[in-house]
Amino acid sequence: EKAARQARSAMAEAHRAGYVPGEATASNNLGNALRLLQPEDALAAYRQAIALWKGLGVPAEQGDSTYNLGLLLSLRFELDEARKAFEDSLPLRQGNPGRLAYSLTGLGLVAAGQGDLDQALDYYQRARDIWPGDPTILSNMAAIHFGRGELQTALNLYDQSLAKGLPKDYGQAAEIVHNLGSLYVALGRPEKALTHYKQVLGLQQGDPHTAAFTWNSMGTVLFSLGRREEARGHWEHALDLSRRSNNPEAEAQALHNLGRLHMDTEPKIALEELDQSLKLRNEKPNLAARAGTLVDIGTTQTRLGHFDQGAESLTRALELANRIKARPLTSRCLLAQAKLERARGRPEVALSKVQQALQNVERVRSDVGSDDLRTSFFAANREYYDLYIDLLMQLARSHRDHPEYLDQALAASEQARARGLRDLLAEARIHVDAGGDPSLRKEEEELANRLSWTEKAWRQVQQASAPDEKAARRLEEKLLD
């Protein structure tokens, strides 16, 4: 507010004095001061600055104000207008490589918001070629790779963006740290993500726009840790901040999150909140966010027994996820479809869906180069493997004349256990065969023997002429433990 008062005072004084460059500069500064708290007034201020600089014939300054206009429009998800502003700024900034690179980055933001990740990455790469090493450009590239499920590439780019410390611009710094926190969520490191989100709150300097997103993200991490009431408090605070700062995207996110909170206990309330979120998101071209909300709408409809409606919602979500080539989001859609088909009593269809999802998860996992992060990623996505094995077990019980289901279930269970153990050994840098900890070696052998015995006993029970269902269930629980 103080900066806005100062800018208005400078504008009035320059206007009285007939000093047009001063009035144009003050008008641009007023836009900067108002862009988060009073965005409509900020848009008017930027447009006034553009007109004044154009009348003066100063292309560099006109280009800066035009870029600022595009940036604010992109934050409001008015992407067609934002693209035009960024395109208009390009010829005006040809003499300054850094500014030209940022205009290209703006076009990348628009393309990403419209779901064209390939075009966004192309713009970012062009910007990087012109202005290498810029942390904002690197961070934006990382966000695209993150959305595609290329987690190690994203992590490497974030590390490069922070190699020289955080940018001085608090908005750029907050965005990088926030995005890095979100990456750690995907990698199964919630505590590390919380640390980054708390750092963002320290950087945001009273900016309610950024704070609303961050409180949303912190609530999501707390929810994943089972701290439901703390998550609720964070999401309600985010909802309040988003409405006070006229931030519909953060408002939609908060409503979506509150819907997730109620999915298990009050699905009808959850559906109302998710529908409100989707209504807001349908007004903006953020396809990834829209698909994420549709996934949870479809999941809630499944829990209410509304299978046809749920299937329709999940089909729409999958179409959006495939359109933007967002592999992790595609996996979520397929997992939700598998659960719906299982609830419908169609385990074969459910198995096909979860197999497709697992292929995506494995591709993402294989991209992670760090042993410890690969381990945490596997743990965070264990649900996919568990559902796959559970469906195979179900099919093995109902199709005893098809032993391949049992063979696949046992193979999948052994593979998942072996993978988890291999990752843990690699993380600890323990090589049992090379003289590692004898107690770990003994534990490994005991686990292998126990697994082998349980599998053998389970086969014997299932292949008996009159199978003992209770015994089979006890052994199955041991196998899945």
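Sequence positions, counted from 1, serve as the residue numbers for this chain.
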Undergrad: Indicate whether any N or O donor in one side chain lies under 3.5 Å from an N or O acceptor in the other, for Q114 and D80.
TA: yes
Undergrad: Under the criterion side-chain contact (heavy atoms from CB on, under 4.5 Å), I'd like the reasoning laid out for D371 against R374: C-alpha separation, chi angles, the key distance, then a yes or no.
TA: CA-CA 5 Å; D371 292 328; R374 196 161 54 247; 2.6 Å; yes
Undergrad: Would you sort out whether F377 and V361 count as a side-chain contact (heavy atoms from CB on, under 4.5 Å), showing the intermediate values?
TA: CA-CA 10 Å; F377 176 83; V361 170; 4.0 Å; yes
Undergrad: Are any non-hydrogen side-chain atoms of L155 and L180 less than 4.5 angstrom apart?
TA: yes
Undergrad: For Q253, is there any backbone N or O sitting under 3.5 Å from a side-chain donor or acceptor partner on N257?
TA: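 Yes: the side chain of N257 pairs with the backbone of Q253.
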Undergrad: Only one of V177, I176, V185 forms a side chain to side chain contact (heavy atoms under 4.5 Å, CB included) with H196, so which one is it?
TA: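 The residue from V177, I176, V185 that satisfies side chain to side chain contact (heavy atoms under 4.5 Å, CB included) with H196 turns out to be V177.
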Undergrad: Just by distance, with hydrogens left out, do S245 and H209 show a side-chain donor and acceptor under 3.5 Å apart?
TA: no
Undergrad: Closest approach of S370 and Q152, non-hydrogen atoms and distance?
TA: N-OE1, 3.5 Å
Undergrad: Check step by step if side chain to side chain donor-acceptor pair (under 3.5 Å) holds for D129 and Q125.
TA: CA-CA 6 Å; D129 292 342; Q125 188 59 58; 3.0 Å; yes
Undergrad: Are side-chain heavy atoms of L314 and C333 found at a separation under 4.5 Å?
TA: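 Heavy-atom side-chain distance check fails, nothing below 4.5 Å.
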Undergrad: R260 and E266: salt bridge (charged side-chain N to carboxylate O under 4.0 Å, His left out), yes or no, with the steps?
TA: CA-CA 10 Å; R260 290 178 59 208; E266 300 171 283; over 6 Å; no
Undergrad: Are L30 and Y46 packed together at the side-chain level, in the sense that at least one heavy-atom pair is separated by less than 4.5 angstrom?
TA: no
Undergrad: So do S313 and Q301 actually touch side chain to side chain, heavy atoms under 4.5 Å?
TA: yes
Undergrad: Assess the residue pair L104 and L90 against the criterion (side-chain contact (heavy atoms from CB on, under 4.5 Å)); give the C-alpha distance rounded to whole Å, side-chain angles, the decisive distance to 0.1 Å, and a yes or no.
TA: CA-CA 8 Å; L104 288 167; L90 286 173; 4.1 Å; yes
Undergrad: Quick one: which of K284, R290, R281 gives a salt bridge (Lys or Arg N to Asp or Glu O under 4.0 Å) with E249?
TA: R281
Undergrad: When you measure from the side chain of S139 to the backbone of P135, do you find a donor-acceptor pair of N or O atoms at a distance under 3.5 Å?
TA: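 No; judged by distance alone, with no hydrogens or angles, the pair does not exist.
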Undergrad: Test salt bridge (charged side-chain N to carboxylate O under 4.0 Å, His left out) on R332 and D296; report intermediate values, then the result.
TA: CA-CA 10 Å; R332 277 187 60 205; D296 284 337; 3.5 Å; yes
Undergrad: Roughly how far, to the nearest 0.5 Å, is the OG1 atom of T214 from the CD atom of Q199?
TA: 11.0 Å
Undergrad: Under 3.5 Å, is there a donor-acceptor pair between the T66 and D88 side chains?
TA: no
Undergrad: Can a cation-pi geometry be assigned to R93 and Y67, taking NZ or CZ under 6.0 Å from the six-membered ring centre and within 45° of the ring axis?
TA: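 Here R93 passes the 6.0 Å and 45° test against Y67.
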Undergrad: Look at the side chain of S161 and the backbone N and O of Y158, then say whether any donor-acceptor pair between them is shorter than 3.5 Å.
TA: yes
Undergrad: Between F378 and Y385, is the ring centre distance below 6.0 Å?
TA: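 Close enough - the centres of the two rings lie under 6.0 Å apart.
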Undergrad: Counting distance only, does the side-chain N/O of S331 pair as donor-acceptor with the main-chain N or O of N360 below 3.5 Å?
TA: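 No; zero donor-acceptor contacts below 3.5 Å.
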Undergrad: Apply the side chain to side chain contact (heavy atoms under 4.5 Å, CB included) test between Q356 and each candidate in T330, L318, L334; give the one that qualifies.
TA: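 With Q356 as partner, side chain to side chain contact (heavy atoms under 4.5 Å, CB included) holds for just one option, L334.
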Undergrad: Verify the ring-centre separation between F223 and W235: is it less than 6.0 angstrom?
TA: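 Yes, they do, as the ring centres are separated by less than 6.0 Å.
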Undergrad: Check whether the ring centres of F213 and H178 lie less than 6.0 Å apart, and answer yes or no.
TA: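 No - the distance between ring centres of F213 and H178 does not fall below the 6.0 Å cut-off.
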Undergrad: Decide whether K353 and Q337 meet the rule of one side-chain donor and one side-chain acceptor closer than 3.5 Å.
TA: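 Yes, side-chain donor-acceptor contact under 3.5 Å.
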Undergrad: In this structure, are over 12 heavy atoms from other groups packed under 6.0 Å from Q94 atom CD?
TA: yes
Undergrad: Enter the distance from S242:OG to W215:CH2 here, rounded to the nearest 0.5 Å.
TA: 13.5 Å
Undergrad: Do you know which two heavy atoms are closest between Y124 and L109, and how far apart they sit?
TA: OH-N, 3.2 Å
Undergrad: If you measure from CG on L320 to OG1 on T315, what distance do you get to the nearest 0.5 Å?
TA: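 If we round to the nearest 0.5 Å, L320:CG and T315:OG1 are 11.0 Å apart.
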Undergrad: When you measure from the side chain of T195 to the backbone N and O of E191, does any donor-acceptor pair fall under 3.5 Å?
TA: yes
Undergrad: The test is side-chain contact (heavy atoms from CB on, under 4.5 Å); show your working for L201 and M218 and say whether it passes.
TA: CA-CA 10 Å; L201 291 180; M218 291 176 69; 3.6 Å; yes
Undergrad: When you compare the side chains of N247 and E251, does any donor N or O come within less than 3.5 Å of an acceptor on the partner?
TA: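 No donor-acceptor contact under 3.5 Å links the two side chains.
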Undergrad: Any Lys/Arg nitrogen of R244 or D240 sitting under 4.0 Å from an Asp/Glu carboxylate oxygen of the other?
TA: yes
Undergrad: Tell me, do I269 and E273 make a side-chain contact under 4.5 Å, heavy atoms counted?
TA: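 Result yes, sub-4.5 Å side-chain heavy-atom pair found.
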Undergrad: Write down the atom of I130, the atom of P97, and the distance for their closest heavy-atom approach.
TA: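 Closest approach of I130 to P97: CG2-O, 3.3 Å.
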Undergrad: For a quick test of reading the model, state the closest non-hydrogen atom pair linking A212 to A250 and the distance between them.
TA: CB-CB, 3.7 Å
Undergrad: Applying salt bridge (charged side-chain N to carboxylate O under 4.0 Å, His left out) to E87 and K84, what does each step give before you reach the verdict?
TA: CA-CA 5 Å; E87 288 174 344; K84 184 179 185 308; over 6 Å; no
Undergrad: Using every non-hydrogen atom in the two residues, find where A336 and V295 come nearest and quote the distance to one decimal.
TA: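 Closest approach of A336 to V295: CB-CG1, 4.1 Å.
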Undergrad: Quick check: do V368 and R365 have side-chain heavy atoms less than 4.5 Å from each other?
TA: no
Undergrad: Establish, from distance only, whether the side-chain atoms of N140 and Y123 form a donor-acceptor pair under 3.5 Å.
TA: no
Undergrad: Within the side chain of T25, is there an N or O that forms a donor-acceptor pair under 3.5 Å with the backbone of G22?
TA: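 No, T25 side chain to G22 backbone: no donor-acceptor pair under 3.5 Å.
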Undergrad: Which heavy atom of L151 sits nearest to which heavy atom of F146, and what is that distance?
TA: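 That would be CD2-CD1, 3.6 Å.
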Undergrad: For E230 and L222, indicate whether the former's side chain and the latter's backbone hold a donor-acceptor pair under 3.5 Å.
TA: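 No; zero donor-acceptor contacts below 3.5 Å.
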Undergrad: Taking the basic N atoms (NZ, or NE/NH1/NH2) and the acidic carboxylate oxygens, is any pair closer than 4.0 Å for D134 and R128?
TA: no
Undergrad: Apply salt bridge (charged side-chain N to carboxylate O under 4.0 Å, His left out) to the pair R323 and D116, showing each step before the final yes or no.
TA: CA-CA 8 Å; R323 189 190 310 176; D116 192 339; over 6 Å; no
Undergrad: Do the non-hydrogen side-chain atoms of R232 and H262 ever get within less than 4.5 Å of each other?
TA: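 They are in side-chain contact.
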Undergrad: Would a distance-only check, ignoring hydrogens and angles, find a side-chain to backbone donor-acceptor pair under 3.5 Å from S27 to A45?
TA: yes
Undergrad: Are side-chain heavy atoms of R76 and L43 found at a separation under 4.5 Å?
TA: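 Yes; the side chains approach each other to less than 4.5 Å.
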Undergrad: Does the Y197 side chain pair with the main chain of S182, one donor and one acceptor, at a distance under 3.5 Å?
TA: yes
Undergrad: Got a donor-acceptor contact below 3.5 angstrom from the S65 side chain to the Q62 backbone?
TA: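 It does not hold such a pair.
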